[in-house]
2 protein chains.
Amino acid sequence: MEKLKNKRSSPSLARREHLSPPGRHAALRETSTDSLSQRVYQALKRDIITGVHPPGEALGEKDLAKRYSSSRTPVREAALRLQQDHLLKIIPNRGYFITKISVQDLTDLYDYRAAVECACAELAAMKGMNPALLERLEELANTEYKVNDRKSYENFISRDTEFHLSIAQLARNQLLLQAVEAARCQMERIMYAAIDIGYYGEFPGREHRGILDAIKKRDSRAARQLMYDHIFGSRDQVLKLAGGNPR
Amino acid sequence: MEKLKNKRSSPSLARREHLSPPGRHAALRETSTDSLSQRVYQALKRDIITGVHPPGEALGEKDLAKRYSSSRTPVREAALRLQQDHLLKIIPNRGYFITKISVQDLTDLYDYRAAVECACAELAAMKGMNPALLERLEELANTEYKVNDRKSYENFISRDTEFHLSIAQLARNQLLLQAVEAARCQMERIMYAAIDIGYYGEFPGREHRGILDAIKKRDSRAARQLMYDHIFGSRDQVLKLAGGNPR
DNA sequence: CGCATATTAATTGTATACCATAAGATTTTC
DNA sequence: GAAAATCTTATGGTATACAATTAATATGCG
């Protein structure tokens, strides 16, 4: 502890010293985020995922500040987080650039998903019996969508993400959950990009139900395997598409 | 505080042809530190890992700014990144708190490590034949340390991390590599904390060599299994320790 | 004397000013 | 007229000023 200053600047630290530490179980519903940084982050993230800002686009701090009605500071903090999410690349003294997604990035992403989501499925089957969440998963697994109907498909994307996130939640592992969240950002981006070239993915309802059933039966082996098959099935679809439309 | 306006006399910093390439090599130790934010991040991270700031400690922006000779802005950016690394928790309008590591966090961390590092070992055996890296791994696997010699053990911690990171590099997957980096932060923190209670982990040389051999023989199945055993062996040691010394 | 409320001090969130750097425009020189 | 050096301008990195929020203390009322 610093004992250098016995002046008026030390009581602040002393006061904070015995503050209650951050609890992990603070499961606050962050519906409407308060801070401006958060709002900018959410808004910009959404705009990148949905393709408002296309890959490769250069963004200046001042423009972003104007666009999202804030100053440069919140934009800067948002950008830092978006870089962690691999949605933005910050080049020092140059600015921000929306990340491009190469074929290499795609295979990396799917390998990553396989690693973390298979673990989630396995752990979900072993650990997590959360009736409310299972109920919700049942609902999500039965979500349909109409092909060539953009609005309907966008809704499906959201449900698809919620399905995978819910399984991660069943695994009750914060690190894995955050990893899946990061992966879903990229997946949503890819799915939105696919819409623009008229591609609506194959409906994964059957696979989702299979995974869910395995979890409910607490068959961790099957849950992992089915998740693996699901992810690599998706991978093959996307890679076939990407191979035909190199970027 | 005296503020000299004429700070033009700093030619050493002014003339830097240090162009920063878009490619990222996050696995490397800090080269010549570029921005002040980076330096604060690195320094604070180090201090958290090595236990200079103990778990639960409250940190104020102003104090940190003074301690690391910067203003609040770089501190803020560093803190944001450290939160992503799970080393710091930012509570809005309250301040920063060094994260505590609960037993739950430990099991989460090891499950996470198992998910990502087993995938790395498998991919390393399948994909990556990098002679230079394999050479280095051989060296690292044979690193010994003297028990009850803090300096020697700290060196081992660094080598241990480099071993696991190098395998992640062999897998050639940026997402997995970053995941392993994040996990290693926590692992180093735990290992440093263990020193303070006089515990020096069991020497993993044999296990490391086993994993490396499997990778060199391109036996992905064995590589994954041996990594799994290695991680859960470590887990059991740590959990036994944490159970006896709850914190 | 204890509890509730107002006040105050200090800290964080946000905006902005300032400085260093990098890319572009202009001029100079061959 | 072209290449190179210099100047200009714009942008990002950092410091700081200002506003909003929080926790601590003080105060009034029962």
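Keep in mind that the numbers below use all heavy atoms, side chains included, and drop hydrogens, waters and symmetry copies. Residue numbers begin at 1 in each chain, while the letters A, B, ... track the order of the sequences.
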To the nearest angstrom, how far is [X] atom [atom1] from [N] atom [atom2]?
X      : N       : atom1 : atom2 : result
L36(A) : dA19(D) : CG    : C1'   : 13 Å
F97(A) : dT11(D) : CZ    : P     : 12 Å
L64(A) : dA15(C) : CG    : C1'   : 16 Å
L80(A) : dG12(D) : CG    : C1'   : 13 Å
Y96(B) : dT12(C) : OH    : C1'   : 8 Å
D63(A) : dG12(D) : CG    : P     : 8 Å
E61(B) : dT16(D) : CD    : C1'   : 13 Å
L88(B) : dT12(C) : CG    : C1'   : 14 Å

> Are any of the side-chain nitrogens in E139(B) or R136(B) under 4.0 Å away from the carboxylate oxygens of its partner?
Replying inline: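 Yes.
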Are [X] and [N] close enough that a side-chain N or O sits under 4.0 Å from OP1 or OP2?
X      : N       : answer
K62(B) : dA10(C) : no
S70(B) : dT14(D) : no
T73(A) : dT14(C) : no
R94(B) : dA23(D) : yes

> Any side-chain heavy atom of L87(B) within less than 4.5 Å of one from Q186(B)?
Replying inline: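 Yes, their side chains come closer than 4.5 Å.
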> Would you say the side chain of R172(B) lies within less than 4.5 Å of the side chain of L123(B), judging by non-hydrogen atoms?
Replying inline: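 When only atoms from C-beta onward are counted, R172(B) and L123(B) do not touch, as no gap falls below 4.5 Å.
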> For R72(A) and P92(B), take the nucleotide of DNA chain D holding the closest heavy atom to each; which residue's nucleotide lies nearer the 5' end?
Replying inline: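 Looking at DNA chain D, the more 5' nearest nucleotide goes with R72(A).
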>> By nearest heavy atom, map I90(B) and N93(A) onto DNA chain C; which one lands nearer the 5' end?
In response: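 Result: I90(B).
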> Is there a donor in the side chain of Y68(A) and an acceptor in the side chain of D47(A), or the other way round, less than 3.5 Å apart?
Replying inline: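 Yes - a donor-acceptor pair under 3.5 Å links their side chains.
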> Is the backbone N or O of A171(A) less than 3.5 Å from a side-chain atom of K127(A), with the two atoms forming a donor-acceptor pair by type?
Replying inline: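 The answer is yes, because a donor-acceptor pair under 3.5 Å joins these two groups.
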